[in-house]
There are 2 protein chains.
Amino acid sequence: MNGVYHYQKLEHYCAALLEKAGVPGAEATVIAESLVQADLRGVDSHGVIRTDIYLKRLKAGMVAVDGEMKAHTDGPVTVLDGGNHFGAVVGSRALELAEEGTKRNGVAVVGVKGSNHFGTCSYYLLKAIAKDMILLVLSNASQTMPPTGGVRPFIGTNPFAVGVPAGRHQPFILDMATSVVARGKIIAAAQAGESIPLGWAIDKDGNPTTDANAALAGSVLPVGGAKGYGISMFVDILSGVLTGAGFGKYVNNMYENWEQTQNVGHFFIGLDIARFMPVQQFKDRMDLYIDEIKAEPKAPGVSEIFIPGELEHRMSLERMKTGIVLPSRVEGELRFWGEQYGLQLSDALLTPASTA
Amino acid sequence: MNGVYHYQKLEHYCAALLEKAGVPGAEATVIAESLVQADLRGVDSHGVIRTDIYLKRLKAGMVAVDGEMKAHTDGPVTVLDGGNHFGAVVGSRALELAEEGTKRNGVAVVGVKGSNHFGTCSYYLLKAIAKDMILLVLSNASQTMPPTGGVRPFIGTNPFAVGVPAGRHQPFILDMATSVVARGKIIAAAQAGESIPLGWAIDKDGNPTTDANAALAGSVLPVGGAKGYGISMFVDILSGVLTGAGFGKYVNNMYENWEQTQNVGHFFIGLDIARFMPVQQFKDRMDLYIDEIKAEPKAPGVSEIFIPGELEHRMSLERMKTGIVLPSRVEGELRFWGEQYGLQLSDALLTPASTA
């Protein structure tokens with residue numbers, strides 16, 4: 001049976017691992033907070049499962065924990081060189097710059113190069129929403145999807161994300177990969193011996209396939225065909241081509257490339273609601289909009305209409321109470337690193353383990 | 001047999017109709033240019049087919065041709081009240097403000113309310129690209145798609161568009177409706193007695209359907225399920241909720257509502273490439289990116305990999321030479337309006353008609 005972990009204890013544990021490995025305390029906390037928040041929200045692919053690869057990259061000297069990040073701000077535009085720090089650290093600095101610039105100018109853009117995998121975009125959206133800002137966050141990623149008509153991975157599942165505050169309602173949080181589905185769903189189908197719907201993936205020769213194993217040897221497809229391909233390219237252009245970061249094949253794979261830094265790029269756009277209308281008026285309009293959507297007649301079998309981010313918010317409240325269940329492999333990895341640094345993973349359990 | 005029209009003559013003809021109906025000359029030219037450009041690019045749904053409804057709205061007093069548009073600019077942020085002018089006129093003013101603001105500040109956002117159907121987003125993208133700008137254009141639209149889990153239309157097929165200059169290559173032009181397909185494709189399937197793929201639409205009770213007629217009585221679906229629904233909402237929030245324009249059901253249908261103005265909202269974001277890197281360096285990076293995508297191995301049956309906007313550009317060059325073919329219904333409408341104003345549609349033929 002897998003352990004059930006308390007989110008705060010798990011965050012402390014992961015932060016402690018990172019700190020023991022040489023990450024400054026405040027930065028270790030930011031990284032761990034980002035990972036555990038993803039687990040809380042049900043985005044397990046971006047949760048503490050990443051702790052192991054982050055620590056391996058650090059030990060291999062592929063991520064920096066010292067040296068400075070250089071920002072150049074000219075009015076509402078900032079270009080930030082992340083200096084190859086951990087992505088969550090670079091992203092958090094970009095967020096600060098976007099918040100300051102938005103407050104000062106009404107709008108701010110922050111283009112980021114020299115970064116790494118930065119967790120979920122929602123992590124930054126939630127912080128901006130708490131300051132009554134609208135925030136767009138884009139990031140490129142290493143190659144996983146073919147262009148429309150192609151065979152092999154060329155673009156990443158480059159996420160596109162937008163966060164907007166509401167009033168009585170939970171905020172609008174759109175945080176989407178530009179693929180049809182997460183690769184994890186294809187892995188799950190393969191493990192269960194099930195087929196996948198046509199349109200999710202192509203095999204290694206570029207043929208459409210419903211065979212999950214053939215799909216894993218091939219590529220997951222962009223969402224909505226040419227539309228998802230276009231959105232993914234747009235994200236790559238702003239995050240990578242424009243900022244000076246990598247793009248396409250020049251964004252290096254965190255799991256496979258141990259010779260080069262990732263050089264991931266991000267792009268943040270902040271908007272100050274108060275420059276358009278009083279914040280309370282805007283929130284009232286958002287609440288009306290959300291009220292009206294949620295009151296729409298429902299299709300057969302549908303119990304509720306959700307707005308983007310609503311399910312993740314509910315999951316988060318639930319997992320704060322009931323805890324986070326980790327796969328055995330992830331438990332093993334976290335336990336392994338704890339042994340190196342004299343830390344006990346069992347200290348992070350929701351209910352302290354009884355002696356067996 | 002349908003007539004084949006010369007794009008410039010057709011533009012002059014439509015501009016002349018609008019001018020006779022009371023639209024100031026420069027504005028009539030902008031509207032006609034936007035419509036004919038859509039026909040050239042193969043986006044017939046946004047072409048001169050719209051002339052008839054534009055003229056009807058004007059005659060019915062539902063669109064203004066005088067009164068001023070009020071812009072309030074504070075640094076890089078402008079809020080523009082379009083004063084219910086034609087959408088292409090309002091959109092063109094928004095573009096000018098975005099261009100000026102981007103040059104001055106490095107980034108500019110223009111939120112627009114009090115507008116109407118403004119044609120294709122590409123019309124504005126192409127002009128911005130010619131000035132070495134990156135431009136994002138969003139617009140909301142009247143209700144056509146249900147939210148995920150819903151039954152009846154609530155959100156529009158709100159377009160999301162991005163234009164980016166390249167060097168040797170044609171620019172990147174992503175201009176996408178947030179629906180799976182244009183409703184026109186379902187109409188075509190119904191007329192041909194063909195079924196449609198599952199996932200394009202739901203029937204009037206909210207059930208998935210492959211029956212084109214049942215789909216027409218129901219709703220077209222957002223692209224990529226919940227992802228397209230989320231993007232459409234995001235476009236509505238920035239274009240409508242934030243600007244003070246209509247949103248959701250408050251964006252009035254141009255064909256059905258003859259009591260109220262449309263109150264469409266738009267949102268423009270301009271970026272000055274030169275604030276990030278020298279423009280030539282950026283264009284070289286874009287060319288490298290596009291070279292590499294187009295050189296990718298191709299899936300079986302694929303002859304070429306395209307970037308967004310490339311096919312439309314080729315279509316445009318072709319139609320400039322071979323002319324624009326209009327459906328009989330559109331010819332009839334344009335001829336009807338010409339008769340009211342003493343204009344001959346046959347003057348716009350590619351090859352002057354021989355006497356029959």
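Residue numbering restarts at 1 for every chain, and letters A, B, ... go by the order of the sequence lines.
The distance from atom CZ of A:Arg285 to atom OG1 of B:Thr243, rounded to the nearest 0.5 Å, is 6.5 Å. Here the straight-line distance linking atom CZ of A:Phe154 with atom CD1 of B:Ile305 works out to 9.0 Å at 0.5 Å rounding. Put simply, OG1 on B:Thr102 and CE on B:Met133 are 3.5 Å apart, with the number rounded to the nearest 0.5 Å.
Interface check for chain B: of the options A:Arg275, A:Met233, A:His72, the most heavy-atom pairs under 4.5 Å are formed by A:Met233. Among A:Ile237, A:Asn105, A:Asp74, A:Val109, the residue with the largest count of heavy-atom pairs under 4.5 Å with chain B is A:Ile237. The candidate from B:Val151, B:Val241, B:Val77 with the greatest count of non-hydrogen atom pairs under 4.5 Å with chain A is B:Val241. The residue among B:Met176, B:Met286, B:Glu292, B:Gln281 with the most heavy atom pairs within less than 4.5 Å of chain A is B:Glu292. The candidate with the highest count of non-hydrogen atom pairs below 4.5 Å against chain B, out of A:Pro300, A:Gly248, A:Gly111, is A:Pro300. Interface summary for chain B: among A:Ile269, A:Asp236, A:Ile202, A:Ile273, the most heavy-atom pairs under 4.5 angstrom belong to A:Asp236. Per-residue heavy-atom pair counts under 4.5 Å with chain A were compared for B:Leu136, B:Ile155, B:Leu242, and the maximum is reached by B:Leu242. Between chain B and the residues A:Gly106, A:Gly150, A:Pro308, the largest count of heavy-atom pairs under 4.5 Å involves A:Gly150. The residue among A:Gly75, A:Gly244, A:Gly228, A:Pro146 with the most heavy atom pairs within less than 4.5 Å of chain B is A:Gly244.
Contact annotation for B:Val164: only side-chain heavy atoms (C-beta onward) come within less than 4.5 Å of a heavy atom of chain A. Proximity to chain A (any heavy atom under 4.5 Å) is restricted, for B:Val302, to the side chain, taken from C-beta onward. A:Asp205 touches chain B through its backbone: at least one of N, CA, C or O sits under 4.5 Å from a heavy atom, while the side chain does not. For chain A, the nearby parts of B:Phe234 are the backbone and the side chain; heavy atoms of each come within less than 4.5 Å. Only the side chain of B:Tyr250 comes within contact range of chain A, with at least one heavy atom under 4.5 Å from a heavy atom of that chain. At a 4.5 Å heavy-atom cutoff, the contact between A:Ile231 and chain B is made by backbone and side-chain atoms alike. Contacts of A:Phe172 with chain B are made by side-chain atoms alone, with heavy-atom separations under 4.5 Å and no backbone atom involved. Contact of A:Leu174 with chain B is made through the side chain alone, with heavy-atom distances under 4.5 Å. With a 4.5 angstrom heavy-atom cutoff, A:Val79 touches chain B only via side-chain atoms. For A:Phe160, the part lying under 4.5 angstrom from a heavy atom of chain B is the side chain only. Neither the backbone nor the side chain of A:Ala108 comes within contact range of chain B; no heavy atoms are under 4.5 Å apart. Proximity to chain B is limited to the side chain of A:Pro147, based on heavy atoms less than 4.5 angstrom apart. Heavy atoms closer than 4.5 Å to chain B are found in the side chain of A:Val223, but not in its backbone. In this structure, chain A has a heavy atom under 4.5 Å from the side chain of B:Val162, while its backbone stays farther away. With a 4.5 angstrom heavy-atom cutoff, A:Ile134 touches chain B only via side-chain atoms.
Summarising the geometry of A:Val220 relative to A:Ser179, their closest heavy-atom pair is CG2-CB, 4.1 Å, with the distance given to 0.1 Å. B:Pro159 and B:Asp175 make their closest contact through CB-OD1, 4.5 Å (heavy atoms, listed as atom of the first residue, atom of the second, distance). Residues A:Ala98 and A:Phe268 approach most closely at CB-CB, 4.3 Å, considering heavy atoms. Between A:Leu97 and A:Thr78, the shortest heavy-atom distance links the atoms CD1-CG2, 3.9 Å.
Contact check on A:Arg104 versus A:Glu99 returns no salt bridge, with no Lys/Arg side-chain nitrogen under 4.0 Å from an Asp/Glu carboxylate oxygen. Residues B:Lys103 and B:Asp272 are not paired through a salt bridge, judged by the lack of any N-O separation under 4.0 Å between the basic side chain and the carboxylate. A salt bridge between B:Lys298 and B:Glu304 is absent, with no side-chain N of the basic residue lying under 4.0 Å from a carboxylate O of the acidic one. The pair A:Lys249-B:Glu296 does not meet the salt-bridge criterion, since no charged nitrogen lies less than 4.0 angstrom from a carboxylate oxygen.
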Apply the test side-chain contact (heavy atoms from CB on, under 4.5 Å) to residues B:His313 and B:Glu310: give CA-CA distance (whole Å), side-chain angles for both, the deciding distance (0.1 Å), then the verdict. CA-CA 5 Å; B:His313 173 72; B:Glu310 198 174 5; 5.7 Å; no
side-chain hydrogen bond (donor to acceptor under 3.5 Å, both in side chains) assessment of B:Asp291 paired with B:His169: CA-CA 8 Å; B:Asp291 280 338; B:His169 286 287; 2.7 Å; yes
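Using cut-offs of 30° and 60° on the angle between ring planes, the pair B:Phe247 and A:Tyr289 is perpendicular.
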